[in-house]
Amino acid sequence: MGLRARITRPGIAARLLAWYSDHHRDLPWRRTSDPYRVWISEVMLQQTRAQAVIPYYERFVAQFPTLESLAGAREEQALAAWSGLGYYSRARNLLKAARLAVAAGGFPSDYDAIRGLPGVGDYTAAAVSSIAFGLPCAAVDGNALRVVSRVKNDASDIGSMATRRRFAETVTGWLDQRRPGDFNQALMELGATICLPRQPLCDECPIRDGCLAATAGSAAGLPVKLRKEDPLHIRATLFVVRRRGRVLLIREDSGARRMAGFWRLPTTEDLPGATPRERLGEFRHSITRHRYLFEVYASSGGLPACPAPTSAAAGACAWFSPAELPTIPLATTARKALNLAGIPRSS
DNA sequence: AACCCGGGGAA
DNA sequence: TTCCCAGGGTT
């Protein structure tokens with residue numbers, strides 16, 4: 001075994017780690033090993049690119065520097081800090097988890113306890129366990145699945161659980177037991193910067209020698225993901241109603257399936273009697289499978305102070321000044337429409 | 001296993 | 001425009 005190790009090239013892990021130490025991005029959450037901050041960053045990074053996370057992470061940890069400070073926050077505060085980042089159940093679960101952890105005596109330090117926190121699945125539990133606590137857990141995200149599919153030149157559908165399980169076992173086989181956190185980050189960094197989805201930069205790849213897809217020339221077509229559904233196109237109208245320097249917003253009901261508790265602009269459904277004064281413009285907005293085309297109209301006068309909601313799902317309404325907008329959970333559609341109306345949300 | 005959830009940046 | 005991103009929860 002010693003002889004074999006001497007005459008063979010370095011393994012996947014060694015090559016990844018050597019490459020990572022020279023080429024990794026300087027991201028803010030890589031400057032700490034505080035489990036709380038590692039956890040915050042990993043939740044924010046769920047389905048969200050690193051570059052998009054950076055400003056949110058900086059603001060969030062400035063506002064909630066410790067687990068205890070987050071546990072003591074109101075949900076509105078956490079949602080306001082998350083506003084614009086999307087997948088808002090992440091913020092709700094973050095708050096629940098913080099309170100559970102504080103009640104249990106602090107942030108958990110073993111995999112099963114971390115995995116048991118709301119909003120923490122297999123990936124996030126492995127990432128936090130390895131990065132913050134040095135535990136030998138393979139963190140298998142979309143990047144890792146892509147790298148494995150190419151290294152193995154495996155065209156199995158990564159939407160299937162069987163494929164994911166098999167690919168995860170491959171990563172576990174590669175995992176560096178002594179530096180699991182760096183290994184996991186190195187593999188993801190490779191996927192994020194070299195092993196790109198459409199046009200992989202194989203010439204710059206540290207593990208090209210061991211990559212069957214690079215040899216076969218099939219890398220750009222991997223991984224295979226079968227499912228795709230037709231999007232729904234929807235048109236809607238939003239009203240910007242101003243009164244004494246304030247704008248009218250509607251609060252999505254707490255039990256709503258989407259955007260519960262968030263403030264949005266009124267629609268024709270909310271204000272059936274509204275008379276559009278001026279067309280301010282239009283914008284497109286995608287929510288999961290829905291593709292909206294919003295038309296934005298200014299409307300003024302002739303409205304009750306706080307019109308009774310007409311739809312069963314509608315919640316409260318209120319008037320807000322521009323300065324108050326950063327302190328509430330504001331829907332991104334409202335932010336876009338208010339920009340058209342010349343009422344930027346000062347962030 | 002299928003479906004749902006936001007939003008943005010890159011190609 | 002399309003794709004998909006350091007995914008997780010619910011049914």
Side-chain angles (χ1 to χ4, degrees), chain A residues 20 24-25 27 29-30 38-57 79 82-94 96-97 114-131 137-147 157-165 168 171 181 183-193 195-201 220-221 223 225-233 252 256-260 262 264 283-293 329-336:
Chain A
Y20 180 69
H24 69 83
R25 293 168 291 177
L27 302 169
W29 46 89
R30 288 181 175 156
V38 171
W39 168 56
I40 298 295
S41 73
E42 289 301 339
V43 173
M44 287 186 169
L45 286 162
Q46 291 167 5
Q47 296 298 102
T48 311
R49 292 175 190 277
Q51 287 304 319
V53 166
I54 290 173
Y56 286 90
Y57 173 83
L79 290 176
W82 208 272
S83 178
L85 200 51
Y87 283 117
Y88 297 101
S89 64
R90 294 186 292 176
R92 301 181 210 280
N93 284 330
L94 208 63
K96 287 183 198 166
I114 296 169
R115 176 66 177 82
L117 294 172
V120 175
D122 291 343
Y123 163 77
T124 303
V128 174
S129 295
S130 62
I131 295 169
C137 310
V140 184
D141 70 333
N143 289 306
L145 293 174
R146 186 169 58 254
V147 173
D157 173 27
I158 61 166
S160 112
M161 283 305 300
T163 303
R164 290 183 181 227
R165 197 175 301 114
V171 178
F183 170 85
N184 283 331
Q185 293 189 80
L187 186 58
M188 294 188 283
E189 190 80 349
L190 186 78
T193 64
C195 200
L196 302 172
R198 289 194 175 76
Q199 196 169 346
L201 308 176
K225 194 184 296 183
L226 290 183
R227 171 177 132 267
K228 72 167 180 182
E229 302 139 47
D230 295 343
L232 268 49
H233 296 268
E252 205 69 57
R257 287 171 61 254
R258 289 193 286 269
M259 309 295 292
F262 273 69
R264 58 174 176 79
F283 66 92
R284 288 174 167 77
H285 184 76
S286 293
I287 300 176
T288 62
R289 185 185 322 177
H290 307 82
R291 293 182 185 170
Y292 291 94
L293 176 57
L330 187 67
T332 293
T333 52
R335 185 157 48 246
K336 289 180 176 178

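Each chain gets a letter, A, B and so on, in the order the sequences are listed, and its residues count up from 1.
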Exercise. Using atom P of each nucleotide, how far apart are C/dT11 and B/dG6 to the nearest Å?
Worked result: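 Looking at atom P only, C/dT11 and B/dG6 are 15 Å apart.
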For this session: Determine the interatomic distance between P on B/dC4 and the same-named atom on C/dA6; round to the nearest Å.
Result: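 Taking atom P in both B/dC4 and C/dA6, they lie 24 Å apart.
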For this session: Assign the ring pair A/Trp29 / A/Tyr57 to parallel, tilted or perpendicular, where the plane angle (0 to 90°) is split at 30° and 60°.
Result: perpendicular
Problem set entry | Contact under 4.0 Å: A/Tyr88 side-chain N or O vs B/dG7 OP1/OP2 |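 Yes, within the criterion.
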For this session: Output yes when at least one side-chain N/O atom of A/His285 is less than 4.0 Å from OP1 or OP2 of B/dG6, else no.
Result: no
To the nearest Å, give me how far apart [atom1] ([X]) and [atom2] ([N]) are.
| X | N | atom1 | atom2 | value |
| --- | --- | --- | --- | --- |
| A/Phe262 | B/dC5 | CZ | P | 14 Å |
| A/Gln51 | B/dG9 | CD | C1' | 10 Å |
| A/Leu226 | B/dA2 | CG | P | 10 Å |
| A/Arg92 | B/dC4 | CZ | C1' | 14 Å |
| A/Arg264 | B/dG7 | CZ | P | 13 Å |
| A/Arg289 | B/dG7 | CZ | P | 17 Å |
| A/Ile54 | B/dG8 | CD1 | P | 16 Å |

For this session: Give A/Met44 one of three labels, base, sugar-phosphate or nothing, depending on what nucleic acid heavy atoms sit under 4.0 Å from its own.
Result: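 No contact at all - A/Met44 keeps every heavy atom at 4.0 Å or more from the nucleic acid.
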For this session: Please work out if A/Leu85 contacts a base, only the sugar-phosphate, or nothing of the nucleic acid, heavy-atom cut-off 4.0 Å.
Result: base
For this session: Please check if the side chain of A/Ser83 supplies one atom and the backbone of A/Leu330 the other of a donor-acceptor pair under 3.5 Å.
Result: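 Checked: pair present.
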For this session: List in chain and number order the residues that pass side-chain hydrogen bond (donor to acceptor under 3.5 Å, both in side chains) with A/Gln47, two or more places apart in sequence or in another chain; answer none if no residue qualifies.
Result: none
For this session: Quickly, which of A/Val53, A/Ile131, A/Val120 forms a side-chain contact (heavy atoms from CB on, under 4.5 Å) with A/Glu42? Name it, please.
Result: A/Ile131
For this session: Return yes if a side-chain donor-acceptor contact under 3.5 Å exists between A/Gln185 and A/Arg30, otherwise no.
Result: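 Distance-only check passes for A/Gln185 and A/Arg30.
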Problem set entry | A/Arg258 and A/Thr288: side chain donor to acceptor below 3.5 Å | no
Exercise. Side chain to side chain donor-acceptor pair (under 3.5 Å) between A/Ser89 and A/Arg92: does it pass, once the steps are laid out?
Worked result: CA-CA 5 Å; A/Ser89 64; A/Arg92 301 181 210 280; over 6 Å; no
Problem set entry | Toward the 5' end of DNA chain B, by each residue's nearest nucleotide, A/His290 or A/Ser160 |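 First, find each residue's nearest nucleotide; the 5'-ward one identifies A/Ser160.
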For this session: Mark up nucleotides 1-11 of chain C, 5' to 3', with B wherever a protein heavy atom is under 4.0 angstrom from a base atom, S wherever such an atom reaches only the sugar-phosphate, and - elsewhere.
Result: SBSBBBBSS--
